[in-house]
S.K.: 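The structure that follows is given in the form of structure tokens.
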There are 2 protein chains.
Amino acid sequence: MKKTGKSPLNEILREAGFRATPGKIAILEALFKADQPLTIAEISKKLKNNLDQTTLYRTIQSFVEEKIARALNFNDRSIRYESLIDAPHHHHVICKKCNYVEDVDICGANLEKLALVKSKSFKAIESHAVELFGTCNNCLKKN
Amino acid sequence: MKKTGKSPLNEILREAGFRATPGKIAILEALFKADQPLTIAEISKKLKNNLDQTTLYRTIQSFVEEKIARALNFNDRSIRYESLIDAPHHHHVICKKCNYVEDVDICGANLEKLALVKSKSFKAIESHAVELFGTCNNCLKKN
DNA sequence: CTACCTGCAAACGGTTTGCATTGCC
DNA sequence: GGCAATGCAAACCGTTTGCAGGTAG
């Protein structure tokens, strides 16, 4: 699924099989502009609660299905979503104190090969997720 | 039947500050014997639903707090728990079809160093999680 | 014009809380 | 005997479903 770096959001929506409604554009824009993955509640807040919760849930779900967004969770209960538009493969560093998330351009692909050697039950490994946990500089200062 | 490298389960419970009640022993045993991380529902089933759900939730939570178990989630909605007793550092390969989980003895620690170089907002990274996704040999056969 | 999208209300299900009772140490 | 642990019932809250009306293409 390739996206040019320049298609406006409504075009991206149509390519993904959606109608470019104000609601869908607003949600996609919120995800796209966000500097880190957002929860449903955070998206809702960014849209000033102008959008019905139901619509939000349904839209996000359809975005994930059509792979213009993806769901993430960092070992807490909340699910976060990030835009996949113009998003190269990357992983995340998460602050244990404040939950700040930074994208990092590192890749654990060689771990896939390593795991194939060690694994008894898998001869096919197709993808991987890596999350790193630490304390962000802001929180380090506060202590 | 697995054996702990040191104390029996009731001793481990007491060391962690708990009373060695039948319920707690049963839950810890279920986690310890399981060959893969379990959801609350799966634990409940293994205990033949003899244990109140409330107790189960509260107990698991206390286990996680006292670090004799840990919570995991593999990008779906369900949270899974695994025993930390005699558990060396490891990661997981998850089958995308059937959710089978295998532990793999690989480590992404060097990714932490790599991320420290690339990151703008972190000078401290303390831990990491790696999940690999593939198709298990059983599911490969079925196709 | 029609199929998709939206909003409202209600249902749903996993999880949590309050409280009285039980039982480990 | 004291305090943690348990079970039950009810509350809680994020999420989903059904349906009627609205809107993009």
Side-chain angles (χ1 to χ4, degrees), chain A residues 7-31 37-66 68-81 99, chain B residues 7-31 37-66 68-81 99:
Chain A
S7 310
L9 296 181
N10 54 18
E11 217 170 288
I12 291 172
L13 282 169
R14 289 199 203 93
E15 281 169 23
F18 299 114
R19 290 185 180 172
T21 64
K24 282 193 161 54
I25 294 171
I27 295 172
L28 189 55
E29 192 176 22
L31 286 182
L38 302 176
T39 62
I40 291 278
E42 287 164 352
I43 300 169
S44 192
K45 199 175 168 191
K46 274 189 191 292
L47 303 185
K48 309 253 190 329
N49 303 310
N50 283 329
L51 208 61
D52 188 82
Q53 289 283 84
T54 309
T55 303
L56 188 44
Y57 277 104
R58 278 194 280 229
T59 302
I60 290 285
Q61 201 169 318
S62 64
F63 282 3
V64 173
E65 278 161 12
E66 293 305 319
I68 59 179
R70 70 163 162 168
L72 301 167
N73 49 15
F74 305 129
N75 283 332
D76 60 343
R77 198 134 307 174
S78 57
I79 300 175
R80 291 172 179 279
Y81 299 91
N99 285 319
Chain B
S7 328
L9 295 181
N10 55 17
E11 218 169 288
I12 291 172
L13 282 169
R14 289 200 201 91
E15 281 169 23
F18 300 113
R19 289 183 182 174
T21 64
K24 282 193 161 53
I25 293 171
I27 296 172
L28 189 55
E29 192 176 22
L31 286 181
L38 302 176
T39 63
I40 292 278
E42 287 164 352
I43 300 169
S44 192
K45 199 175 167 190
K46 274 190 192 292
L47 303 185
K48 307 250 190 333
N49 301 309
N50 282 330
L51 207 63
D52 189 83
Q53 289 283 84
T54 309
T55 304
L56 188 44
Y57 277 103
R58 278 194 279 229
T59 303
I60 290 285
Q61 200 169 318
S62 64
F63 283 3
V64 173
E65 278 161 13
E66 293 305 320
I68 59 178
R70 71 165 161 167
L72 300 166
N73 50 13
F74 304 129
N75 283 332
D76 59 343
R77 196 133 307 170
S78 57
I79 301 174
R80 291 172 178 280
Y81 299 90
N99 285 319

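Each chain gets a letter, A, B and so on, in the order the sequences are listed, and its residues count up from 1.
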S.K.: Using heavy atoms to find the nearest nucleotide of DNA chain D for A:I40 and A:P22 separately, return the residue whose nucleotide is more 5′.
M.R.: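 Its nearest nucleotide lies further toward 5', so the answer is A:I40.
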S.K.: With a 3.5 Å distance limit and no angle check, can you tell me whether B:E42 reaches the backbone of B:T39 through a side-chain donor-acceptor pair?
M.R.: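 Between the backbone of B:T39 and the side chain of B:E42 there is a qualifying donor-acceptor contact (under 3.5 Å).
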S.K.: Quick one: B:K24 NZ to C:dG23 P, roughly how many Å, whole number?
M.R.: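 Value for this atom pair: 15 Å.
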S.K.: From B:R58 CZ over to B:K24 NZ, what is the distance, rounded to the nearest 0.5 angstrom?
M.R.: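 It comes to 9.0 Å.
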S.K.: Nearest whole angstrom, please: distance from the P of C:dG14 to the CD1 of A:I79.
M.R.: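 After rounding, the gap between these two atoms is 14 Å.
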S.K.: Evaluate the side chain to side chain contact (heavy atoms under 4.5 Å, CB included) criterion for residues A:Y57 and A:D52: first the C-alpha distance (whole Å), next the side-chain angles of each, then the deciding distance (0.1 Å), finally the verdict.
M.R.: CA-CA 9 Å; A:Y57 277 104; A:D52 188 82; over 6 Å; no
S.K.: If we only count heavy atoms from C-beta on, is the B:L13 to B:I68 side-chain gap below 4.5 Å?
M.R.: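 Counting from C-beta outward, B:L13 and B:I68 do come under 4.5 Å.
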S.K.: CG/B:L56 to CG/B:N49 distance, rounded to the nearest 0.5 angstrom?
M.R.: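 Reported value, rounded in 0.5 Å steps: 9.5 Å.
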S.K.: To the nearest 0.5 Å, tell me how far B:I79 CD1 sits from B:L38 CG.
M.R.: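 Between B:I79 CD1 and B:L38 CG, I get 14.0 Å after rounding to 0.5 Å.
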S.K.: Does A:L47 have any side chain to side chain contact (heavy atoms under 4.5 Å, CB included) partners at least two apart in sequence or in another chain, and if so, which?
M.R.: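 In terms of side chain to side chain contact (heavy atoms under 4.5 Å, CB included), with neighbours along the sequence ignored, A:L47 is linked to A:A26, A:I27, A:A30, A:I43, A:L51.
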S.K.: In chain order, what residues pass the salt bridge (charged side-chain N to carboxylate O under 4.0 Å, His left out) check against A:E29, with sequence neighbours excluded?
M.R.: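 Partners of A:E29 under the salt bridge (charged side-chain N to carboxylate O under 4.0 Å, His left out) test: A:K33.
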S.K.: Starting at the 5' end of DNA chain C, which residue's closest nucleotide do you reach first, B:R14 or A:G17?
M.R.: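 Looking at DNA chain C, the more 5' nearest nucleotide goes with A:G17.
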S.K.: Mind calculating the distance between CD1 (B:I25) and C1' (C:dG23) to the nearest angstrom?
M.R.: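 Nearest whole value for this atom pair: 13 Å.
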S.K.: Report for the helix from C:dC1-D:dG25 to C:dC25-D:dG1: angle between first-end and last-end helix axes, five pairs each, rounded to 10 degrees.
M.R.: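 Between the axes fitted at each end of the helix from C:dC1-D:dG25 to C:dC25-D:dG1 lies an angle of 40°.
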S.K.: Can a donor-acceptor pair under 3.5 Å be found between the side-chain atoms of A:R19 and the base atoms of C:dC4?
M.R.: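 By the distance-only test, yes, there is a pair.
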S.K.: For B:R14 and B:A20, work out which heavy atoms get closest and say how close.
M.R.: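 That closest heavy-atom pairing would be NH2-CB, 3.7 Å.
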S.K.: Applying side-chain hydrogen bond (donor to acceptor under 3.5 Å, both in side chains), can you list everything that pairs with B:T59, at least two apart in sequence or on another chain?
M.R.: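 In terms of side-chain hydrogen bond (donor to acceptor under 3.5 Å, both in side chains), with neighbours along the sequence ignored, B:T59 is linked to no residue.
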S.K.: First and last nucleotide of DNA chain D in contact with chain B, 5' to 3', at under 4.0 Å to a heavy atom: what are they?
M.R.: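 Listed 5' to 3', the contact boundaries are D:dG2 to D:dT16.
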S.K.: Could you list by number each residue of residues 52-65 of chain B showing a heavy-atom separation from DNA chain D of less than 4.0 Å, or answer none if no residue does?
M.R.: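 Nucleic-acid contacts, sorted: B:D52, B:T54, B:T55, B:R58, B:T59.
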S.K.: Please round to the nearest 0.5 Å and tell me the distance separating atom CD1 of B:I60 and atom CD1 of B:I40.
M.R.: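 CD1 of B:I40 is found 5.0 Å from CD1 of B:I60.
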S.K.: Which is true for B:A41 with a 4.0 Å heavy-atom rule: it touches a base, it touches only sugar-phosphate, or it touches nothing?
M.R.: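 Here B:A41 touches no strand at all.
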